[in-house]
Protein chains: 2
Amino acid sequence: MHLLLAYLRRFVPTLTEAEWQLLAGAVRPAHLARGQHFVQAGDYRPEIALLLQGSCRLYYLRPSGEERTTYFFFENHLLADYPSCLLGQPSQLNIQALTDTDLLVFDYAVLRQLYDECPAYERFGRVLAEYHLLGTDARLTEQLMLSPEERYRALLASGKTKILERVPQHLVANYLGVTPVSLSRIRARVARGR
Amino acid sequence: MHLLLAYLRRFVPTLTEAEWQLLAGAVRPAHLARGQHFVQAGDYRPEIALLLQGSCRLYYLRPSGEERTTYFFFENHLLADYPSCLLGQPSQLNIQALTDTDLLVFDYAVLRQLYDECPAYERFGRVLAEYHLLGTDARLTEQLMLSPEERYRALLASGKTKILERVPQHLVANYLGVTPVSLSRIRARVARGR
DNA sequence: GATTTTTCTTAGCTTTTGTTATCGTCGGGG
DNA sequence: CCCCGACGATAACAAAAGCTAAGAAAAATC
């Protein structure tokens, strides 16, 4: 529980105990078994969760039926279907546990309410959105600027090597925007050629 | 000037005249001649502007020297180097006028100050970041899910055809993550094969 | 209105990626 | 303990994209 408080304070250091209590009552623990979904396309259950232990992936289902994994979640990161929460629409994406996963869950409606009632949470919402925007923007830029091989090298050099260590390679391939076969070739090139 | 007020109210409908005056005093008109820069890599001049008339592009300079255009701005959209403002660091990107352009400019520091002083602006900051996050996220997803040809078709089908009408094609190619030559081929394919 | 300059298309060739399929390995479940 | 399914490497082929260059078309400049 204090991990969620610590998370909030990373974004809003001034958050008081009293302010924390406004949210704390709405928080409940939850568990996902490996393979189980936190969000599934078509659902509308706007919830946010702090990932305490484990890992999840975010993926889309293409019309053809294949899955495309575009994001990973690890410890101490928020799990949410941002578009669904913000637009108030059913999910178009899926979030699934890659391993057994422990969460702290609360309803987005509660946070939305706190935006109106408590400036500290409104600030949290702003800073959180800004933080995610920076990350998403950097990744989009990388996608537009770099070749697949450069993107793989960039991932190696980045602080995100957790992804490479904890995620099956064919999902990393999706994440980098290439096919699994292609990533395997790129890895072979990078390994030999240096 | 009222266009900026209208912009703010699109995000915060409840913004009062008094609240608007808190920002209004800091706003100044500006003009960019075609080819002139609003932001240049290495600068640190955190400003935000509403684009009144004209168009701009956002581009990065690669080590090799070529430019990669990743975004376009048109009327009634905000112009800003979000990463530079948020991180308080010099710009790594460039924003340049594609045509003669009229702006309303204010310093990010003023807005940052208003985040502390006026809840309506903090809300504006949150909703603005959320709005941009949704857009960037959708574009990243498109980039990871769709082939270049599919992305071109998606652009045709989207509400962003302004880009195709008002921007040189080799910049659109960058925006879609392909080379100009490749986009030309894709267009030929789409035109013939329908 | 003529002349640069920029932009777009097309072509030929190379490189990379996508596709499909096979094989080896590893792990879990029966 | 064995078998099956998931995962990754590799190969062969097809398709697409990158690169270079040349020429046509359109725009901007003078």
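Proteins come first, then strands; the chains are lettered A, B, ... in the order of their sequence lines, and each starts at number 1.
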Report yes if at least one side-chain N or O of B:R189 is closer than 4.0 Å to OP1 or OP2 of D:dA17; otherwise report no. yes

Using a heavy-atom cut-off of under 4.0 Å over every strand shown, decide if B:R187 touches base, sugar-phosphate, or nothing. sugar-phosphate

Proximity to the side chain of A:P148 - top-ranked nucleotide from C:dT17, C:dG18, D:dA17: C:dT17

Protein-nucleotide distance (A:Q143, atom CD; C:dT17, atom P), rounded to Å: 13 Å

Whole angstroms only, please: what is the CZ-P distance between A:R185 and D:dC7? 20 Å

What about A:L50 and A:V127, same hydrophobic cluster or not, with Ile/Leu/Val/Met/Phe/Trp/Tyr joined at side-chain heavy-atom distances under 4.5 Å? yes

Taking OP1 and OP2 of C:dT6, is either one under 4.0 Å from a side-chain nitrogen or oxygen of B:H170? no

Heavy-atom nearest nucleotide on DNA chain C taken for A:V181 and for A:E149; more 5' hit belongs to A:E149

Taking the minimum atom-to-atom distance to the side chain of A:P168, which one of C:dG18, D:dC7, D:dG18 wins? D:dC7

Atom CD1 in B:I95, atom OG1 in B:T101: separation rounded to 0.5 Å? 11.5 Å

Would a hydrophobic clustering, with Ile, Leu, Val, Met, Phe, Trp and Tyr connected at side-chain separations under 4.5 Å, put A:Y71 with B:L144? no

Please give, in whole Å, the distance from D:dG18 P to A:L144 CG? 12 Å

Does the side chain of A:Q169 get closer than 4.0 angstrom to OP1 or OP2 of D:dA6 through an N or O atom? no

A:E150 CD to C:dT15 P, straight-line distance once rounded to whole Å: 17 Å

Grab the CG-P distance between B:L183 and C:dC8 for me, whole Å please. 9 Å

Short side-chain N/O contact from A:T179 to OP1 or OP2 of C:dT17, under 4.0 Å: no

Write down the distance between OH (A:Y152) and C1' (C:dT16), rounded to a whole number of angstrom. 17 Å

When the distance from CZ of B:R34 to P of C:dT7 is rounded to whole Å, what number comes out? 7 Å

Does a salt bridge link A:R57 with A:E67, judged by any charged N lying under 4.0 Å from a carboxylate O? yes

How would you label the contact of B:S184 with the nucleic acid (heavy atoms, under 4.0 Å): base, sugar-phosphate, or nothing? base

Between the side chain of B:R34 and the main-chain N/O of B:D100, is any donor-acceptor distance below 3.5 Å? no

Using whole Å, report how far CD1 of A:I186 lies from P of C:dG18. 8 Å

